[in-house]
Amino acid sequence: MTVFIDADGCPVVDITVRLSTQAKKDCVIICDTSHVFKKPGAKTITVSQGNDSVDFTLVNMIQKGDIVVTQDYGLAAMCLARGAVPISQDGMVYTGDNIDALLMQRHTAKKIRKAGGRLKGPAKRTSEQDRAFENALKEILDATAI
């Protein structure tokens, strides 16, 4: 089992690498050439810039049971289809029960933006979000250790 990080814009890279290392799980950071990651305890794969280049590289690498840290609902859906366990940077585990509604939200927001509408962006990240992510990832890693 490997922990993959969709690292483009991911605020929990350090937490993920630390927890993966503690759990003695391989950790792979995937990013495009606009980001640079060199973290002890993780392998970094850098791909060309382009729409979804990181996503497609990641999906082609994962196997059933792998963990994927991503904020991208589309990528999470592809990971679920491959039998991986996707988790958001806020600690929400994506499942078959919640992914359809999340994808619909994304679609609706895209339609609003395409029509010229504006949506409020995310609020500033909080330490509570980091703790929620850390607790959720620990729970998943602990469950795989059994």
Side-chain angles (χ1 to χ4, degrees), residues 1-114 119 121-123 125-146:
M1 192 264 294
T2 301
V3 179
F4 289 90
I5 305 170
D6 172 11
D8 292 343
C10 181
V12 293
V13 171
D14 291 334
I15 295 170
T16 305
V17 172
R18 178 174 47 82
L19 293 177
S20 299
T21 302
Q22 288 173 355
K24 296 180 177 31
K25 305 292 183 189
D26 291 333
C27 185
V28 178
I29 299 169
I30 304 178
C31 60
D32 68 28
T33 55
S34 63
H35 299 89
V36 177
F37 287 97
K38 291 186 180 176
K39 303 285 182 185
K43 175 183 177 182
T44 299
I45 297 173
T46 305
V47 299
S48 300
Q49 284 184 2
N51 284 350
D52 303 322
S53 59
V54 168
D55 298 352
F56 291 125
T57 299
L58 197 152
V59 166
N60 286 322
M61 293 182 69
I62 61 172
Q63 297 180 16
K64 185 176 183 175
D66 286 342
I67 298 169
V68 179
V69 178
T70 184
Q71 62 185 345
D72 182 324
Y73 300 155
L75 176 58
M78 290 187 284
C79 292
L80 284 170
R82 299 283 312 262
V85 180
I87 180 174
S88 79
Q89 63 191 18
D90 296 334
M92 177 181 62
V93 177
Y94 301 103
T95 67
D97 292 334
N98 65 18
I99 197 66
D100 288 338
L102 294 168
L103 288 169
M104 181 56 77
Q105 285 177 351
R106 181 178 84 161
H107 174 72
T108 302
K110 185 176 182 178
K111 282 175 57 176
I112 291 169
R113 286 190 305 272
K114 194 172 186 176
L119 299 171
R125 187 156 181 87
T126 66
S127 57
E128 289 81 21
Q129 288 170 300
D130 287 343
R131 280 194 296 279
F133 172 78
E134 187 167 351
N135 291 336
L137 183 57
K138 276 183 188 176
E139 191 173 308
I140 294 168
L141 289 167
D142 288 347
T144 63
I146 298 172

Can you tell me if Q49 has over 12 outside heavy atoms packed within less than 6.0 Å of its CD?
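Enclosed: over 12 neighbouring heavy atoms sit under 6.0 Å from CD of Q49.
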
What residue pairs, at least two apart or across chains, pass salt bridge (charged side-chain N to carboxylate O under 4.0 Å, His left out) with a residue in residues 46-70?
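For residues 46-70, and leaving out neighbouring residues, there are no salt bridge (charged side-chain N to carboxylate O under 4.0 Å, His left out) pairs at all.
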
Under a 4.5 Å cut-off applied to non-hydrogen side-chain atoms, are P86 and L75 in contact?
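Counting from C-beta outward, P86 and L75 never come under 4.5 Å.
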
Test: salt bridge (charged side-chain N to carboxylate O under 4.0 Å, His left out). Region: residues 74-85. Which pairs qualify, not counting sequence neighbours?
none

Nearest-0.5 Å distance that lies between atom CE in M1 and atom OG in S20
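If I round to the nearest 0.5 Å, the distance is 7.5 Å.
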
Is the backbone N or O of T95 less than 3.5 Å from a side-chain atom of N98, with the two atoms forming a donor-acceptor pair by type?
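Indeed, once roles are kept as given, a pair shorter than 3.5 Å links the two residues.
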
So does D6 get a backbone contact from the side chain of T70, meaning a donor-acceptor N/O pair under 3.5 Å?
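No, T70 side chain to D6 backbone: no donor-acceptor pair under 3.5 Å.
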
Kindly indicate whether the side chain of L141, heavy atoms from C-beta on, has any atom under 4.5 Å from the side chain of Q22.
no

Please report the shortest heavy-atom distance between P40 and V17, naming the atom on each side.
O-CG1, 3.4 Å

For the residue pair G96 and L80, what are the closest heavy atoms and their distance?
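In this case the closest contact between G96 and L80 is N-CD1, 4.1 Å.
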
Drop me the distance from L58's CG to S53's OG, to the nearest 0.5 angstrom.
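Nearest 0.5 Å value for the CG-OG distance: 11.0 Å.
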
Between M61 and I30, is there a side-chain heavy-atom distance shorter than 4.5 Å?
yes

A7 versus C31, closest heavy-atom pair with distance
CB-CB, 4.1 Å

Donor-acceptor check, side chain of D90 to backbone of Q71, threshold 3.5 angstrom: yes or no?
no

Between the side chains of E134 and R131, is the shortest nitrogen-to-carboxylate-oxygen separation below 4.0 Å, so that they form an ion pair?
no

Between NE2 on residue H35 and OG1 on residue T44, distance to nearest 0.5 Å:
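One gets 12.5 Å once the value is rounded to the nearest 0.5 Å.
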
Nearest-0.5 Å distance that lies between atom SG in C27 and atom CD1 in I67
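Those atoms lie 9.5 Å apart.
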
Taking all atoms of both residues into account, what is the closest heavy-atom pair of A84 and I62, and its distance?
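Reported closest heavy-atom pair: CB-CD1, 3.8 Å.
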
If you look at every heavy atom in G74 and D72, which pair is closest and at what distance?
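For G74 and D72, the tightest heavy-atom pair comes out as N-OD1, 2.8 Å.
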
Which pairs pass salt bridge (charged side-chain N to carboxylate O under 4.0 Å, His left out) with one or both residues in residues 22-49, sequence neighbours excluded?
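The answer is D14-K39.
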
Is there side-chain contact between F37 and I5, with heavy atoms separated by less than 4.5 Å?
no

Give, for atom CD1 of I45 and atom CZ of F4, the distance between the pair rounded to the nearest 0.5 Å.
7.0 Å

Would you name the heavy atoms of Q89 and F133 that are closest together and state the gap between them?
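Shortest heavy-atom contact: O-CB, 3.3 Å.
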
